[in-house]
Structures are given as structure tokens and as C-alpha cells.
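Structure record follows, encoded as C-alpha cells.
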There are 2 protein chains.
Amino acid sequence: MNISQAAKLSGLSVKTVRYYADIKIVEPARDIQSGYRSYSNDDVAKLNFIGKARRFNFSIEECRELLSLYQDKNRSSKEVKKLTLAKIASIDEKLKEFHSLRDELSHLVNCCNGDDRPSCPILDELSK
Amino acid sequence: MNISQAAKLSGLSVKTVRYYADIKIVEPARDIQSGYRSYSNDDVAKLNFIGKARRFNFSIEECRELLSLYQDKNRSSKEVKKLTLAKIASIDEKLKEFHSLRDELSHLVNCCNGDDRPSCPILDELSK
DNA sequence: TATAAAGTCTCCTGTTACTGGAATGTAAAG
DNA sequence: CTTTACATTCCAGTAACAGGAGACTTTATA
């Protein structure tokens with residue numbers, strides 16, 4: 001099938017699918033006549049896989065790794081679990097950061113009158 | 001003072017400080033002899049301000065806005081509060097996303113044996 | 001069948017907020 | 001006077017694409 005069909009089936013944009021071909025993560029066959037990319041069902045399955053992994057916040061390089069594990073019938077689930085645990089840990093870090101950011105900001109907002117006068121504890125804090 | 005001094009006082013890297021000059025957010029004077037950037041205490045205060053605002057997850061453009069509010073003695077605290085509330089809202093969104101990501105991933109991890117056998121519910125989920 | 005429209009191709013630029021490095025020039029220390 | 005430290009500009013790279021130009025192929029319509 002052509003690229004737009006593959007894009008539709010995988011829920012990705014044509015641009016993204018073409019990008020994935022460029023970076024050699026999903027490399028479709030080529031129609032010799034037209035030079036058009038020609039996607040198999042298997043290619044679409046890979047696109048789907050990557051799309052999902054991306055939504056789980058895995059980077060492209062991690063997707064590459066997961067994909068090769070996925071295609072390796074002898075892989076151990078241990079390896080996949082390890083990658084996933086590392087991902088969870090990095091998400092936890094971000095969660096912590098954002099939580100404390102949020103707390104500090106909302107504290108500042110609560111101290112700020114939000115009126116037409118210039119006095120503003122938010123700016124005061126930023127300039128300390 | 002020279003750029004390295006300004007960088008040290010503001011807790012930013014020299015590269016970053018130079019970058020901030022390039023994008024015209026903190027524009028120091030120039031030494032006519034050497035062409036070196038020459039930072040005043042006021043410039044350093046701005047660098048500090050920006051550094052803090054960045055740590056609060058404000059983008060450079062938002063920093064620009066906050067900085068001009070900061071320098072406007074007639075600004076109303078309302079404007080600053082509005083920006084900050086918007087920032088909190090966007091952080092809340094990210095928090096929500098990351099929370100649900102985390103939950104899904106840890107659910108998958110709990111289902112995965114993590115042994116030397118190939119069966120892996122994580123990959124199964126990604127390939128669905 | 002001629003033409004128009006839709007789809008595809010490659011290549012280039014821009015995004016965010018810097019970081020690293022090369023080549024070169026200036027200032028301070030010995 | 002030379003070494004060393006610090007400064008300058010300019011270019012490339014980062015992550016993961018999106019947008020657009022110009023050219024070509026395929027498909028649909030008149």
C-alpha cells in the first residue's frame with residue numbers, strides 16, 4: 001500500500017511515516033515504476049508498535065530497541081522489563097520536578113492579589 | 001564585568017549568557033577596545049531573574065514578557081498572575097499525562113515476569 | 001484522450017534552548 | 001616576550017518531527 005494508507009492505518013501522519021523511513025526504523029519496499037514507498041502489513045504493524053511506544057514516552061532510540069526485542073523470538077522478558085522500569089523511573093523524576101514546580105507556583109499565585117496595583121510577590125520572588 | 005563573571009554571579013553558563021545576548025533578552029554594553037561584552041549589576045539581575053523563571057519552567061518568550069512586566073513600574077499584578085496561572089495549568093496537564101503514563105507502564109511491568117523466557121505482556125501490549 | 005486534481009517524491013528550513021567545537025583575537029601573568 | 005586564560009564569531013548538532021517548494025506520477029473527470 002502507499003504511504004497515506006499506511007499512515008492512516010497506523011494513526012501517524014504521512015510526514016512522520018516518511019521520517020521513520022528516513023531514519024531507517026521502518027523501511028518500506030519501493031515501487032520500481034514510480035519510486036513510491038510501498039508498505040506491507042508488517043510495516044504497518046511496526047508503525048503501530050512505534051506509535052504506541054512513543055505515546056508511552058519512549059524515545060525513538062528506545063523504540064528501536066524495543067522493536068528489535070519484539071522481533072527477536074528468543075529475547076527474555078527481563079530485558080524489556082528493564083527498559084520499562086528505567087522509563088518509569090525517568091517519568092517519576094519528571095513527576096517530582098513538576099509537582100514541586102506546581103507547588104511553588106501556586107504558592108506564589110496565592111500570595112498575589114492579582115489586582116491593578118503593581119505590587120507583585122511573583123515578580124518579587126523571581127528577582128530575589 | 002566580563003561574561004564569565006556575570007555567568008558565575010547568575011549561576012548560568014557562559015554559553016547561555018552569550019546566547020541570551022544573541023537573542024536580545026539581556027544585551028550588555030561592549031568594551032570598545034576589546035569588543036568584549038561588559039555586564040552591569042543590572043544585567044546580572046536580569047540574568048538571575050531569567051534563570052529563576054526558566055527553573056519555574058517559563059519559556060524564553062514568557063521570560064521576555066515577565067521581564068518587561070518586571071521592569072514596568074506601572075504594571076498590574078493581574079497580568080503576572082494570569083501568566084503564572086496559565087503556566088500552572090500547563091504543568092497540570094503534563095502532570096496528568098505523566099501520571100496516566102506511569103500508571104499504565106507500571107501496570108504492564110507488574111504483569112511481566114521479567115525472566116529469561118520470551119513471553120512478555122509489555123511487548124504484547126505495544127503490538128496490539 | 002487531454003487535462004486537472006490528488007498523491008508522492010526529495011530537499012531545505014524552522015522549531016526550543018541551548019551545547020560543543022574550531023579558528024581567531026585580546027588580556028593578564030610569569 | 002611568551003604562555004596561558006579568556007574572549008569573540010560562526011557553524012553544527014540535539015529530538016522528533018512539521019511546513020513548504022518544485023518536480024514527478026497516478027487517478028479522476030470532461
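Every chain is numbered from 1, with letters handed out A, B, ... down the list of sequences. Quick note: numbers below take in every heavy atom, side chains included, and nothing from hydrogens, waters or symmetry partners.
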Query raised in the report: So what's the dot-bracket for DNA chain D: Watson-Crick or G-U pairs under 3.5 Å, [ ] if a pair crosses, | if it pairs off-strand?
Result: ||||||||||||||||||||||||||||||
Query raised in the report: Which pairs count as ring-ring contact (aromatic ring centres under 6.0 Å, His included) when at least one residue sits in residues 95-128 of chain A, sequence neighbours excluded?
Result: A/His99-B/His99
Report task. Check every nucleotide of DNA chain D for an atom under 4.0 Å from a heavy-atom of chain A, then give the first and the last such nucleotide from 5' to 3'. Result -> D/dA16 to D/dT26
Requested in this report: For B/Glu61 and C/dT15, give me the distance from atom CD to atom C1', rounded to whole Å.
Outcome: 12 Å
Exercise answer: donor-acceptor pairs, residues 16-30 of chain B side-chain atoms, under 3.5 Å, sequence neighbours excluded:
| unit_1 | atom_1 | unit_2 | atom_2 | d |
| --- | --- | --- | --- | --- |
| B/Thr16 | OG1 | B/Ser13 | OG | 2.8 |
| B/Arg30 | NH1 | B/Gly35 | O | 2.9 |

Query - Closest non-hydrogen atom pair between B/Asn113 and A/Ser77, with its separation - result: C-OG, 4.3 Å
Query raised in the report: Atom CD1 of B/Ile3 and atom OG of B/Ser38: how far apart are they, to the nearest 0.5 Å?
Result: 11.0 Å
Which atom pairs link the protein and nucleotides 24-26 of chain C when you take only N or O atoms and keep those under 3.5 Å?
| unit_1 | atom_1 | unit_2 | atom_2 | d |
| --- | --- | --- | --- | --- |
| C/dG25 | N2 | B/Tyr36 | OH | 3.0 |
| C/dT26 | O2 | B/Tyr36 | OH | 3.3 |

Report task. Round to a whole Å and report the spacing from CG of B/Asn2 to C1' of C/dA27. Result -> 9 Å
Report summary line: B/Lys81 and A/Gly114 have their tightest heavy-atom pair at CD-CA, 3.6 Å
Query raised in the report: How would you list, by chain and number, every residue that makes a ring-ring contact (aromatic ring centres under 6.0 Å, His included) with B/Phe49, sequence neighbours excluded?
Result: B/Tyr70
Report task. Tell me, please, which residues at least two apart from A/Glu61 pass salt bridge (charged side-chain N to carboxylate O under 4.0 Å, His left out). Result -> A/Arg64
Report summary line: Residues in residues 44-56 of chain A with a heavy atom under 4.0 Å of DNA chain D, by number, are A/Arg54
Query raised in the report: Where along residues 13-32 of chain B does a heavy atom fall under 4.0 Å from DNA chain C?
Result: B/Ser13, B/Lys15, B/Thr16, B/Tyr19, B/Tyr20
Query - Nearest heavy-atom neighbours spanning B/Leu105 and A/Thr84 - result: CD2-CG2, 3.8 Å
Report task. Check side chain to side chain donor-acceptor pair (under 3.5 Å) between B/Asp116 and all other residues, then give those that pass, not counting sequence neighbours. Result -> A/Lys78
Report task. Using distance alone, with no hydrogens and no angle criterion, decide if A/Asp103 and A/Ser100 have a side-chain donor and acceptor under 3.5 Å apart. Result -> no
Requested in this report: Check salt bridge (charged side-chain N to carboxylate O under 4.0 Å, His left out) between B/Glu62 and all other residues, then give those that pass, not counting sequence neighbours.
Outcome: B/Lys87
Query raised in the report: How long is the line joining CD of B/Gln5 and P of C/dA28, in whole Å?
Result: 13 Å
Requested in this report: Provide the closest heavy-atom pair for B/Leu12 versus B/Leu47 in the form atom of the first, atom of the second, distance.
Outcome: CD1-O, 3.9 Å
Requested in this report: Would you kindly give the CZ-to-C1' distance between B/Arg37 and C/dA27, to the nearest whole Å?
Outcome: 17 Å
Query raised in the report: Stepwise, does the side chain to side chain contact (heavy atoms under 4.5 Å, CB included) test hold for B/Leu69 with B/Leu83?
Result: CA-CA 11 Å; B/Leu69 288 173; B/Leu83 257 178; 4.3 Å; yes
Report summary line: On a heavy-atom basis, the closest approach of A/Leu101 and B/Phe56 is CD2-CA, 3.3 Å
Report task. With sequence neighbours left out, write down each residue that passes salt bridge (charged side-chain N to carboxylate O under 4.0 Å, His left out) with B/Asp92, or none if nothing qualifies. Result -> A/Arg102
